[in-house]
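Quick caveat, the model's predicted, so the values are computed rather than measured. Just so we're on the same page: letters track the sequence lines, and every chain starts at 1.
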Amino acid sequence: MALRLYDTRTAEIRAFEPLVAGEVSLYYCGATVQGRPHVGHIRSAVCFDILTRWLEHSGYRVMTVRNVTDIDDKILEKSAQSYAAGFEPSEDYPAAEPWFALAYRFEQVFAEAYAAVGVRRPTYEPRATGHITEMHALIQRLIDAGHAYPALDDSGDVYFDVRSWPQYGELTHQSVEDMQDAPDADPRGKRDPRDFALWKGHKDDEPLTASWDSPWGRGRPGWHVECSAMSTKYLGAQFDIHGGGLDLRFPHHENELAQSAAAGDGFARFWLHNGMVTMNGEKMSKSVGNTISPDEMLARARPRAVRYFLGQAHYRSQLDYRPGSLQEAQAAVERIENFLDRALPQGHGAGVSGELPEAFTAAMNDDLNVPAALAALHETVRAGNTALDAQDADTARSCAGQVLGMLDVLGLNDVPEPGHDDAGGAMEALSHLVEAQLAQRAEAKQTKDFARADAIRDALAAVGIAVEDTPDGATWSLRGGHR
RNA sequence: GGUGGGGUGGCCGAGUGGCGAGGCAGCGGCCUGCAAAGCCGUAUACGCGGGUUCGAUUCCCGUCCCCACCUCCA
């Protein structure tokens, strides 16, 4: 069965066929780098990372582009605040920081946050500020086609003319007439309050560094135009998939689609939107204050568990966080790891086949049904454990190979685990100390001195080292940092 | 008011016109010196009311509730 995906625009699941055989072009919206990432950004990235991995596993060559919005109202506002009298600097927002320094700094924080849960870098990450000329060209095409106009006042803005584009609303299935009037719409210079800015004229209180010359006067880009300009520059006038969070459907993606289509570009063939992350059923947002940051998650559970949690629900479903979610995810992850440790001790994993179970493949092809894919993974783990208990090493090894293959697709094998990969010499030294303790404990057990054996185990447990007995002797692992 | 998505066992979370995915937690058992890990077993689950059907959680109608978006939003 081939891959089928849900397309927001047509509101249907249909077979995915790329524009160019064997190649997939994917654009998905990244962040406006005005602050630290929150888990919604990371969930979105995990979803599209899994999509990318699945496409690659399916044999496609995938070009992925994710934008960095490094100029916008909020970035300028945060920077301006840092110069204001009475500003109190914090760790996240130092005093007197230029907007471009702020944006660049947070861009790097985002990169670290993505990497911490094993999200691979896109093929390219274009910045809005680096594509002003492409935006100008697009805006000019829209003006020439009669779908955009310079502001009727002297603001220097350029607006998209919503009324000139009958298809406006097609992505979110709304008609312009039915839209609720925007309470904060500032109609100055607009033909219709729903018209949106392609170009924003420079204002005197904004730094000159945040403006560029244009045929319509000095200014800066509107929010939506960058994605149209950059996606088509790197992926072509028409490309396969455009993704992003559900909350970007309107206005952001609707406007992107309108301006690109009105300019004559085919644009995205599939629109994919991931669901929101909620806390006890409500969307996490800073204004409500019900947030947990990626850093806080990583402080509460291992990176691999955090990724498992963020990726475990279907990508279109809402993902609910509540106390205990991460511990549950970690328990599930460790169940998988325990099996691999039993089946492939000490690096015997080399050369095992990563062939995937049919149920897993079918689930992934069915609009990336990760929950069903995880069910297949866990069933393979159980089958493998059963085989181990029956001394059937070949079956166990085969199951382990399949599990490794599935973990690769889900990206769980790529998550860096501190204290595991990079502890180097310290880990080596610790290993000798623990082995010596275990040898003493084995001796105690030999002489049936269980009190002493338990004392050693308890002492190790007290410092975070878990000891488990197996038919082949005791094994140990660091609690919180997998062996 | 408009648009879209939901309400599944203690929790999370798939799915299906009829043999109850999966994970976590719980209980019982096997194994173990004891644990841990693992395996086996274990649940009168599908918001409510009607209808269609031999049979509905799944389809239809009605109804209640929740969530998201309607120009800051992943």
Side-chain angles (χ1 to χ4, degrees), chain A residues 8 11 28-32 34 37-48 72-74 77 169 172-186 193-197 223-224 243-252 254-255 273-278 281-287 308-309 312-314 316-322 324-325 327-336 338-339 341-342 359 363 366 369-379 381-382 384-386 388-390 445 448-451 453-454 457-458 461 466-471 474-475:
Chain A
T8 300
Y28 72 96
C29 284
T32 299
Q34 48 127 344
H38 91 237
V39 292
H41 293 108
I42 307 303
R43 184 208 182 174
S44 184
V46 166
C47 289
F48 290 105
D72 93 315
D73 293 354
K74 289 205 166 165
E77 187 186 313
T172 52
H173 316 107
Q174 306 179 86
S175 67
V176 176
E177 286 72 21
D178 290 335
M179 286 181 193
Q180 204 171 60
D181 287 342
D184 63 333
D186 182 1
R194 296 161 193 84
D195 291 351
F196 56 91
W223 174 32
H224 319 292
L246 198 56
D247 51 358
L248 292 182
R249 274 182 321 172
F250 193 93
H252 185 51
E254 189 74 72
N255 291 354
H273 290 100
N274 64 272
M276 300 291 96
V277 182
T278 59
E282 296 231 324
K283 180 181 168 183
M284 277 191 198
S285 71
K286 280 180 184 163
S287 51
Y308 185 97
F309 168 70
Q312 69 178 348
H314 184 99
R316 284 193 281 125
S317 296
Q318 176 174 295
L319 175 66
D320 197 41
Y321 174 85
R322 83 211 111 71
S325 294
Q327 276 57 49
E328 287 177 16
Q330 185 152 316
V333 164
E334 285 174 356
R335 175 178 157 75
I336 298 165
N338 285 336
F339 163 62
D341 285 347
R342 292 177 72 201
D366 180 18
N369 190 339
V370 170
L374 283 172
L377 189 155
H378 280 104
E379 274 168 4
V381 167
R382 178 176 23 256
N385 275 321
T386 301
L388 281 170
D389 288 350
K445 283 177 67 175
K448 301 246 188 272
D449 184 357
F450 295 120
D454 289 351
R457 184 170 64 193
D458 292 346
V467 174
E468 293 174 24
D469 291 323
T470 76
T475 65

### Message
Among residues at least two apart in sequence or on other chains, which ones pass salt bridge (Lys or Arg N to Asp or Glu O under 4.0 Å) with A:Arg457?
### Response
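Partners of A:Arg457 under the salt bridge (Lys or Arg N to Asp or Glu O under 4.0 Å) test: A:Asp454.
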My understanding is that only residues two or more places apart in sequence, or in another chain, count here; which of them pass side chain to side chain contact (heavy atoms under 4.5 Å, CB included) with [X]?
| X | result |
| --- | --- |
| A:Ala372 | A:Ala363, A:Asn369 |
| A:Arg249 | A:Thr8, A:Thr172, A:Leu246, A:His273 |
| A:Asp449 | A:Ala444, A:Thr447, A:Ala451, A:Arg452 |
| A:Asp247 | A:Met276, A:Lys283 |

### Query
Can you name the residues that form a side chain to side chain donor-acceptor pair (under 3.5 Å) with A:Asp72, not counting sequence neighbours?
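Listed in chain order: nothing, the list is empty.
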### Message
Tell me every residue that passes side chain to side chain donor-acceptor pair (under 3.5 Å) with A:His38, counting only those two or more places apart in sequence or in another chain.
### Response
none
### Query
Dot-bracket, RNA chain B: Watson-Crick or G-U, under 3.5 angstrom, [ ] crossing, | other strand?
(((((((..(((.....[...))).(((((.......)))))....(((((..]....))))))))))))....
Atom pairs, protein N/O to nucleotides 15-18 of chain B N/O, distance under 3.5 Å:
none

Can you name the atoms? Protein N/O to nucleotides 9-12 of chain B N/O, anything below 3.5 Å, with the distance.
residue, atom, partner, partner atom, Å
B:C11, O2', A:Arg322, NH1, 3.1
B:C12, O4', A:Arg322, NH2, 3.1

### Query
Quick one: ring-ring contact (aromatic ring centres under 6.0 Å, His included) partners of A:Tyr308, sequence neighbours excluded?
none
### Query
Would you say a side-chain N or O of A:Lys283 is under 4.0 Å from OP1 or OP2 of B:C69?
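Yes, such a contact exists.
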With the criterion being N/O to N/O and under 3.5 Å, what pairs connect the protein with nucleotides 38-43 of chain B, and how long is each?
residue, atom, partner, partner atom, Å
B:G38, O3', A:Asn385, ND2, 3.0
B:G38, O2', A:Arg342, NH1, 3.4
B:G38, O2', A:Asp389, OD2, 2.8
B:C39, OP1, A:Arg335, NH2, 3.3
B:C39, OP1, A:Asn385, ND2, 3.4
B:C39, OP2, A:Arg335, NH1, 3.1
B:C39, O4', A:Asp389, OD2, 3.2

### Query
What is the distance from CD of A:Gln327 to P of B:C24, rounded to the nearest Å?
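Result: 14 Å.
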